[in-house]
Amino acid sequence: GVTSLHTFVVVTFCYPLVDELYPLWVEGSMTFVDSAETQTKAILPMSVFMGYILSDVVFVTVAILMKGKFEGDDGGFMVHHLAILVTWYMALTKRSCFGFCIGPMMCEVTQPLLGLRYYMAKYKYFGPIFTVNGLAILVSWWVFRVGGYVLLQGRSVFNSAGLMMDDPLRVLMVVNWGIGGVLQVFWGAKILMGVLKFLVPGMNKKKTK
């Protein structure tokens, strides 16, 4: 619930930048140097996003300490979130690469749907709303995370590749995009398979003679 609220606030604060940055994403012409307007508008949503990520790190750290061990995706989660904190801190400090940060933050638009799915599964509700929510997760994931973050932002990454080697922040931003892109496609494929298995119950059963 808290995570969904955090993501709603982040996306709301990012939205005013979409009109300015969307043409750059489509054209693949976004660079590491931001306009003065982008710098001014991006500071608040980036700061809020860092607070949201930091709160997640604290909650997971407390949970790990209480369990006395890492479980499931705890290790990957911590590495991913700590990398974001370092990158965003460097971007805010250097006042650079803000445009490349807005794309990943807009991906959080899928989080409330994931949160709703978690609670419906927890209370064992698998009715029509569960099905519609699952389809909404699938569509929004592939639109925002794969289409927007991986493909649209990826064009700008490749077009700006020649400008990246002179700045550690730019290198880190590109590396984070590459790792994040692989994860978004991987998780998107898992969501697709999960939806197909739910809609076609016999799909995941082994054929018997």
Smallest separation among heavy atoms of [X] and [Y], with atom names:
| X | Y | answer |
| --- | --- | --- |
| P104 | F100 | CD-O, 3.0 Å |
| G188 | L138 | O-CD1, 4.5 Å |
| T38 | L21 | OG1-CD2, 4.1 Å |
| C107 | Y149 | SG-CB, 3.6 Å |
| G103 | Q153 | CA-OE1, 3.5 Å |
| M105 | V11 | O-CG2, 4.1 Å |

Is it the case that the side chain of [X] and the backbone of [Y] share a donor-acceptor pair, with hydrogens and angles ignored and the cut-off at 3.5 Å?
| X | Y | result |
| --- | --- | --- |
| R145 | V150 | no |
| Q39 | F98 | no |
| N133 | L113 | yes |

* To do: Sort out for me which residue in I64, V58, V62 forms a side-chain contact (heavy atoms from CB on, under 4.5 Å) with V60.
  => I64

Atom [atom1] of [X] and atom [atom2] of [Y]: how far apart are they, to the nearest 0.5 Å?
| X | Y | atom1 | atom2 | result |
| --- | --- | --- | --- | --- |
| T87 | R170 | OG1 | CZ | 14.5 Å |
| L116 | M120 | CG | CE | 3.5 Å |
| L17 | E37 | CG | CD | 8.0 Å |
| L151 | Q184 | CG | CD | 11.5 Å |
| L92 | C101 | CG | SG | 7.5 Å |
| L44 | C14 | CG | SG | 9.0 Å |

* Pairing residues for F49 by the ring pair (Phe, Tyr, Trp, His ring centres under 6.0 Å) criterion, not counting sequence neighbours -> Y52, W88

* **With F130 via ring pair (Phe, Tyr, Trp, His ring centres under 6.0 Å) - residues at least two apart** => F126, F198

Quick check on the hydrophobic clustering: are [X] and [Y] connected, directly or via other members, by side-chain heavy-atom contacts under 4.5 Å?
| X | Y | value |
| --- | --- | --- |
| V182 | V157 | no |
| W177 | V86 | yes |
| L114 | L135 | yes |
| V143 | V132 | no |
| V174 | L82 | yes |

* **Of all pairs that satisfy salt bridge (charged side-chain N to carboxylate O under 4.0 Å, His left out), the ones with a partner from residues 75-96, not counting sequence neighbours** => K94-D167

* To do: Show your reasoning for whether side chain to side chain contact (heavy atoms under 4.5 Å, CB included) applies to S96 and M90.
  => CA-CA 8 Å; S96 178; M90 290 177 64; over 6 Å; no

* Asked: Are side-chain heavy atoms of M78 and T61 found at a separation under 4.5 Å?
  -> yes

* Asked: Does any non-hydrogen side-chain atom of M50 lie less than 4.5 Å from one of L85?
  -> yes

* Asked: Does Y89 OH have over 12 foreign heavy atoms under 6.0 Å away?
  -> no

* Around K124, counting heavy atoms of other residues, nucleotides and ligands shown, do more than 12 lie under 6.0 Å from its NZ? -> no

* To do: Given side chain to side chain contact (heavy atoms under 4.5 Å, CB included), test T110 with I137 step by step and report yes or no.
  => CA-CA 6 Å; T110 62; I137 291 173; 5.9 Å; no

* To do: Test side chain to side chain contact (heavy atoms under 4.5 Å, CB included) on F144 and E108 and set out the steps.
  => CA-CA 9 Å; F144 286 96; E108 295 298 316; over 6 Å; no

* To do: Before giving the answer on side chain to side chain contact (heavy atoms under 4.5 Å, CB included), spell out for N176 and I84 the whole-Å C-alpha distance, their side-chain angles and the decisive distance to 0.1 Å.
  => CA-CA 8 Å; N176 280 350; I84 289 176; 5.7 Å; no

